[in-house]
Amino acid sequence: MIRRRRRSLAGRMLRNLLVLALIGAVVGGAWLYDQLRGFSQAPLSGTQTVEIAAGSSFAGIVQQLRKAGLTDAPDLYWRTLAEQMHVVNRLHAGEYAIPAGTSPRELLERMAAGDVIQHRITIVEGWTFAQLRAALSARDDLRQAAGSTSDVELMKRLDLPGIFPEGRFLPETYTFTKGDSDLDVLNRAHSAMTKALRDIWSKRAPEVNLSSEYEALILASIVERETGKATERPQIAGVFLRRLKIGMKLQTDPSVIYGLGASFNGNLRRVDLDTDTPYNSYTRAGLPPTPIALPGRAALEAVAHPASGDTLYFVARGDGSHEFSDSLEAHNRAVAKYQLHRNP
């Protein structure tokens, strides 16, 4: 009888302990759930950018956030939240902006989507390749892979051996992310130019008297450098194409200047026009051997679809526009009007 009572008492005590443990687990779970919910929604510390290194483990990512001063929460909170969101193994490396008020949940969502900071660089129409290289080397948000290598070596590194670089890169605005290199931008710009030139050349007007895409690229670079007013590109292209058709020299100053290279001091003299170089369009007929700049899409389109007419000459008016003439006599009058008697 006494033994039976003891067993009954022990059973009640065990049940009570189990109930207490269950209550403790429920209370503890509710507390942990409340803590986790508060953590997931609370703003991170500070406003800045953080760079997550490639190949980082989840624990390594949390450590990088902690080192950046963004969180002091336990790793358990971050992992539990990431497990709930099913993103533990889906976080992308890269550079992330942390605006004010960003919560851990929002940051994990952006890292899972790879929503990294996008940097931009604009290649300007009419730049030379040397100017493009200088612009790339000045960017501290680009990894400098080209360094001081020669143009010849750089083109080899772009898998373009033996290709002269001038004119081969399309002026546009390109985006890139932290860790991308100057070679990455050049690769994209070259691919963009190759595609644009192929597409535009394939739709050229029947009267375009050029024999190849490359000749179109060369002439487009001249049109780009000669044009001060964007709407005049087709007219200028028409003048040069008509000159080529009848064997008349192009007589374009930008080509002469390009041929002078570093010796040009900003003042084009008569002796420069008389000094023969492969790019002197006053001493040589036809196109120069290579482009002289990076032409944009509009210049390419102008060469492929030039304005019709009979004009063979143009002279700058001094306001960015040009006076076009179809005879040397009319051109000389325009020169006298806009160049020889310009008001000081």
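The figures here come from the full heavy-atom set of this structure, side chains too, leaving out hydrogens, waters and symmetry mates. Being a predicted model, the structure only gives us computed values, none of them experimental.
With hydrogens and angles left out, the side-chain atoms of Glu215 and Ser211 include a donor and acceptor closer than 3.5 Å. Gln64 and Ser56 share a donor-acceptor pair across their side chains, judged by distance under 3.5 Å alone. Using a 3.5 Å distance cut-off with no hydrogens or angles, the side chains of Ser212 and Trp201 do not pair a donor with an acceptor. No side-chain donor-acceptor contact under 3.5 Å links Tyr96 and Glu51. Using a 3.5 Å distance cut-off with no hydrogens or angles, the side chains of Asn280 and Thr277 do not pair a donor with an acceptor. Side-chain N/O atoms of Glu226 and Thr252 include a donor and acceptor closer than 3.5 Å. For the residue pair Thr311 / Arg242, a side-chain donor-acceptor distance below 3.5 Å is found, with atom types taken as modelled.
Nearest heavy atom pair, residue Ser221 against residue Pro291, reads OG-CA, 3.4 Å. Ile218 and Pro288 get closest at one heavy-atom pair: CD1-O, 3.6 Å. Closest of all the heavy-atom pairs between Phe176 and Asp141 is CE1-O, 3.3 Å.
Residues Leu142 and Leu136 meet the side-chain proximity criterion, which asks for heavy atoms closer than 4.5 Å. Using a 4.5 Å cut-off on side-chain heavy atoms (C-beta onward), Thr177 and His119 make no contact. Using a 4.5 Å heavy-atom cutoff, the side chains of Trp78 and Thr71 are in contact. Counting heavy atoms from C-beta on, the side chains of Leu273 and Asp253 come closer than 4.5 Å.
Ring pair Phe129/Phe169 is parallel by interplanar angle, where below 30° counts as parallel and above 60° as perpendicular. Classification of the Phe314-His322 ring pair by plane angle, with boundaries at 30° and 60°, yields perpendicular.
Under 4.0 Å is where a charged nitrogen must lie from a carboxylate oxygen, and between Glu213 and Arg198 no such pair does. Note on Asp276 versus Arg284: salt bridge recorded, some NZ/NE/NH1/NH2 to OD/OE distance being below 4.0 Å. For the pair Arg297 and Glu172, the salt-bridge criterion is met [side-chain N within less than 4.0 Å of a carboxylate O]. A salt bridge does not link Asp182 with Arg139: every distance from a Lys NZ or Arg NE/NH1/NH2 to an Asp or Glu carboxylate oxygen is 4.0 Å or more. Under the 4.0 Å criterion applied to side-chain N and carboxylate O atoms, Lys195 and Asp199 are assigned as salt-bridge partners.
Atom OH of Tyr279 is separated from atom CG of Leu250 by 14.0 Å, given to the nearest 0.5 angstrom. The distance from the CG atom of Asp151 to the NZ atom of Lys156 is 12.5 Å, given to the nearest 0.5 Å.
Within a 6.0 Å sphere centred on CZ of Arg233, heavy atoms belonging to other residues, nucleotides or ligands number more than 12. Few gaps surround CG on Asn265; more than 12 heavy atoms of other groups in view lie less than 6.0 Å from it. Within 6.0 Å of CG on Asp310 lie no more than 12 heavy atoms contributed by other residues, nucleotides or ligands. With a 6.0 Å radius and a threshold of 12 heavy atoms from other residues, nucleotides or ligands, Asp319 has its CG atom above the threshold.
Judged by distance alone, with hydrogens and angles left aside, the side-chain atoms of Thr175 form no donor-acceptor pair with the main-chain N or O of Gln118 at under 3.5 Å.
Hydrophobic cluster membership differs between Tyr313 and Tyr282, with clusters built from Ile, Leu, Val, Met, Phe, Trp and Tyr side chains linked at under 4.5 angstrom.
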